[in-house]
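Owing to the predicted nature of the structure, the values given are computational and were not obtained by experimental measurement.
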Amino acid sequence: MMKQRKILYGGDYNPEQWLDSPDILECDIKYMKAAGINVVTVGMFAWSVLEPEEGKYEFAWLKRIVDNLYQNGISVIMGTPSGARPKWLADAYPEVLRVRDDGVRFLFGRRHNHCYTSPVYREKVGSINKALAECFHTHPAVIMWHVSNEYEGKPSCHCSLCKAAFQKWLKGRYETIEKLNAKWCTTFWSHRYQSFEQVEPPSSVGEQELHALTLDWKRFVTEQMADFAENEIRALKEGGISQPVTTNLMYDYQCLNYDRLSQCFDLVSWDSYPVWHRGSDILTARDNGMQHDFMRSLKHQPYLLMESSPSGTNWQGVSKLKKPGLLRAAGLQALAHGSDSILYFQIRQSRGASEKFHGAVIDHYGGMDTRVFEEVAAIGKELQNLGEIAGSRVRADVALIYDIENLWALEEAQGPRNDGMYYHETVMKMYNAIKKLGVNVDVLSAARDISSYKLLAVPMLYMFREGIGDRLKEFVQKGGSILLTYWSGVVDENDRCFLGKTPYGLTDMLGLRRKEIDGLYDEEINVLVPEEKEKEPFREAEMPEGKMQERYVCRNLCEILDVWNARTLMVYEKDFYRGTPAVTESHYDQGVVYYIAADGEQRLYDHLLEKLAGTAGITPIVSGKIPESVEVCSRESEGTEYVFIQNFHHEAVEIKAMELDGCVLLGERKEVLNPFETLILKRGIAGE
């Protein structure tokens with residue numbers, strides 16, 4: 001991890017678009033300094049200017065830019081240009097362009113329209129990366145390298161090179177075709193293979209319903225992407241670099257396994273573009289916060305917010321402006337969750353093409369007297385006093401399992417619902433409930449170590465892989481607390497259904513088994529009630545507010561359980577399984593597990609996780625009642641804790657019910673937080 005005692009502040013800068021306007025380039029430096037910007041990313045998507053003809057490198061213009069930035073106190077994250085190839089490359093070597101799953105090769109255009117398997121593309125990327133490294137690896141301005149831009153796995157390439165590489169990968173994974181046939185259940189529909197060379201990638205004109213094939217293709221695409229990234233990094237190191245390397249990941253990106261891809265890089269960075277002001281901003285903040293926590297948890301160290309928009313975007317359905325104060329709140333939220341940067345896309349607004357209306361620090365008007373620029377400059381000034389937070393880490397006693405391979409399998413399974421399994425939504429219910437308690441949370445895949453936590457939230461873990469079932473059981477045996485939901489422990493890593501009792505391997509711990517699962521139509525609901533309340537009529541408008549003595553609406557999925565050694569907390573009120581267990585509690589060795597058999601509403605998760613957190617001995621970051629629109633996070637460093645209290649609401653909110661210890665690091669102590677305001681406290685950690 002890069003050593004620093006400042007928050008990186010700046011963003012993506014594309015001076016190659018303005019080489020014919022030296023007055024604008026000079027103005028940019030002046031504006032960046034006025035805004036407190038201390039770092040910019042350059043070189044991304046500049047391949048056609050860096051290498052206008054094959055083998056003819058023109059780096060002098062970039063060297064002048066980097067020199068000028070450094071002389072004005074602005075550091076550089078040097079990007080590699082592999083995200084979009086120049087026209088000469090596509091014309092000379094058509095194999096570098098992707099092929100659709102129907103066999104049609106794409107024409108030149110777009111970004112990431114290239115084959116990651118192509119030896120030619122890898123060679124040309126490696127050559128320019130090495131040349132850039134040789135030119136800039138000793139430049140004092142360059143503090144980091146950024147390879148490519150938002151690696152994309154969709155649409156994946158289906159060319160003959162990728163097909164052959166996939167077959168080779170399968171042979172390495174399964175060794176024999178007989179083992180593949182057994183793991184994939186290919187006897188179904190007479191799909192058995194006689195050799196690996198017969199296996200074709202899933203496609204719209206071929207096989208799509210052999211689920212293990214689809215799963216392994218997605219795994220292969222991630223592995224091929226990781227191998228391509230490592231090829232890029234290897235070329236940089238051959239060119240002499242010693243600085244850390246990153247790439248920018250994307251929000252809830254479901255086409256690649258970031259758990260695997262992140263292993264290629266020294267530090268994680270990601271691009272955050274929430275849809276603000278559409279409904280409740282605290283819910284948007286929580287959704288965004290979960291992604292911050294996921295990115296941080298990939299390496300359990302500070303990460304970078306690599307891109308965020310200073311204003312509206314150009315690609316969302318509606319380009320909503322950020323209300324006054326939200327830009328600051330969103331940036332500080334990144335710091336609260338463990339980022340050491342607030343970076344924007346973009347510094348200067350492009351004049352034409354796709355991103356000409358994407359928000360920027362400097363817009364087409366070109367002045368410093370815009371609302372956006374003034375907010376950016378105010379944040380830059382504040383960050384100069386927050387450098388001590390850089391490098392501090394987030395400590396969490398609670399972990400939430402969110403697994404991309406589980407999602408792949410869950411959504412391809414063809415049952416029990418094909419009109420939405422609502423995995424992400426269920427994850428978010430758990431995440432919301434945890435954050436309402438005022439605690440930090442790590443967001444992990446099923447492959448990660450869980451032994452250090454006190455409480456685990458495990459939603460819809462349909463696929464048990466990497467020995468997760470055994471590890472969950474061991475976690476509880478040693479005193480851990482778990483909230484586990486319906487449709488867990490159904491299949492193995494090849495999407496083969498477990499035989500016998502499910503959730504697989506956990507039925508003795510849970511004291512129950514799943515008998516059936518009912519898919520509800522969208523307009524249907526059931527209701528969960530305490531067992532003794534089951535016979536009372538239900539009126540949704542009259543639901544009481546007491547905890548765990550009320551009714552909870554459930555939708556989408558309802559499991560029917562056989563319970564023999566668990567305490568029933570709630571039962572179903574309706575349908576033929578009325579009166580059967582829906583929420584249970586079981587004690588196993590030193591730990592406890594709550595099991596939810598149905599897709600319950602948010603309040604159910606709020607109440608159950610509050611009870612479990614108490615059982616697990618989870619201590620909130622601050623004492624007292626946390627208002628609904630307020631998020632609380634903390635970071636720690638050398639006996640010091642930094643507490644972030646943020647109001648994600650367009651109206652002021654009272655926080656006097658919260659017990660806030662410590663000195664105020666940002667702003668002043670107060671009992672009311674204004675709209676989108678942040679309070680940062682600094683305090684010592686007891687016993688350190």
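Counting only heavy atoms from C-beta outward, the side chains of Leu483 and Ile596 approach each other to under 4.5 Å. The shortest distance between side-chain heavy atoms of Trp487 and Arg514 falls below 4.5 Å. A heavy-atom distance below 4.5 Å is not found between the side chains of Asn440 and His337. Counting heavy atoms from C-beta outward, Thr186 and Tyr193 have side chains that approach closer than 4.5 Å. By the 4.5 Å heavy-atom criterion applied to side chains, Val592 and Glu585 are counted as neighbours. Between Met290 and Tyr402, some side-chain heavy-atom pair lies under the 4.5 Å cut-off. In this structure the side chain of Met430 reaches within 4.5 angstrom of the side chain of Thr485, judged on heavy atoms. At a threshold of 4.5 Å between non-hydrogen side-chain atoms, the residues Asp259 and Ile404 do not count as touching.
Using a 30° and 60° split on the angle between ring planes, Tyr303 and His292 fall in the tilted class, from 30° to 60°. Taking the six-membered ring where the residue is Trp, Phe648 and Trp276 present parallel rings, their angle staying beneath 30° rather than reaching 60°. Ring geometry, Phe166 versus Trp169: the interplanar angle falls under 30°, so the pair is classed parallel (tilted spans 30 to 60°).
The CG atom of Leu437 sits 10.5 Å away from atom CD1 of Ile621, with the distance rounded to the nearest 0.5 Å. A distance of 15.5 Å separates OH in Tyr453 from OG in Ser481, rounded to the nearest 0.5 Å. Once rounded to the nearest 0.5 Å, the distance linking OH of Tyr595 with CD1 of Ile482 reads 12.5 Å.
Looking at Asn181 and Tyr174, their side chains never bring a donor and an acceptor atom within 3.5 Å of each other. Checked by atom type, the side-chain pair Asp287/Tyr251 shows a donor-acceptor distance below 3.5 Å. Checked by atom type, the side-chain pair Tyr572/Asp518 shows no donor-acceptor distance below 3.5 Å. Side-chain atoms of Gln646 and Gln333 form no donor-acceptor pair, as typed in the model, at a separation below 3.5 Å. Using modelled atom types, one finds no donor on one side chain facing an acceptor on the other under 3.5 Å when comparing Gln291 with Ser272.
A donor-acceptor contact shorter than 3.5 Å is absent between the side chain of Thr584 and the backbone of Arg567. Put simply, the side chain of Lys183 never gets that close to the backbone of Ala212: no donor and acceptor are under 3.5 Å apart.
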* Asked: Could you go step by step and tell me if Asp522 and Arg555 meet the salt bridge (charged side-chain N to carboxylate O under 4.0 Å, His left out) rule?
  -> CA-CA 8 Å; Asp522 288 348; Arg555 305 176 189 274; over 6 Å; no
* **Residue pair Asp403, Arg465: steps toward the salt bridge (charged side-chain N to carboxylate O under 4.0 Å, His left out) verdict** => CA-CA 10 Å; Asp403 190 87; Arg465 65 185 184 94; 2.7 Å; yes
* **Working for side-chain hydrogen bond (donor to acceptor under 3.5 Å, both in side chains), residues Asn526 and Glu524** => CA-CA 7 Å; Asn526 206 319; Glu524 274 190 290; over 6 Å; no
* To do: Check the pair Glu223, Arg173 against salt bridge (charged side-chain N to carboxylate O under 4.0 Å, His left out), reporting the backbone distance first and the verdict last.
  => CA-CA 12 Å; Glu223 287 297 333; Arg173 183 175 177 87; over 6 Å; no
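Using a 4.0 Å cut-off between a side-chain N of Lys or Arg and a carboxylate O of Asp or Glu, Arg219 and Glu405 qualify as a salt bridge.
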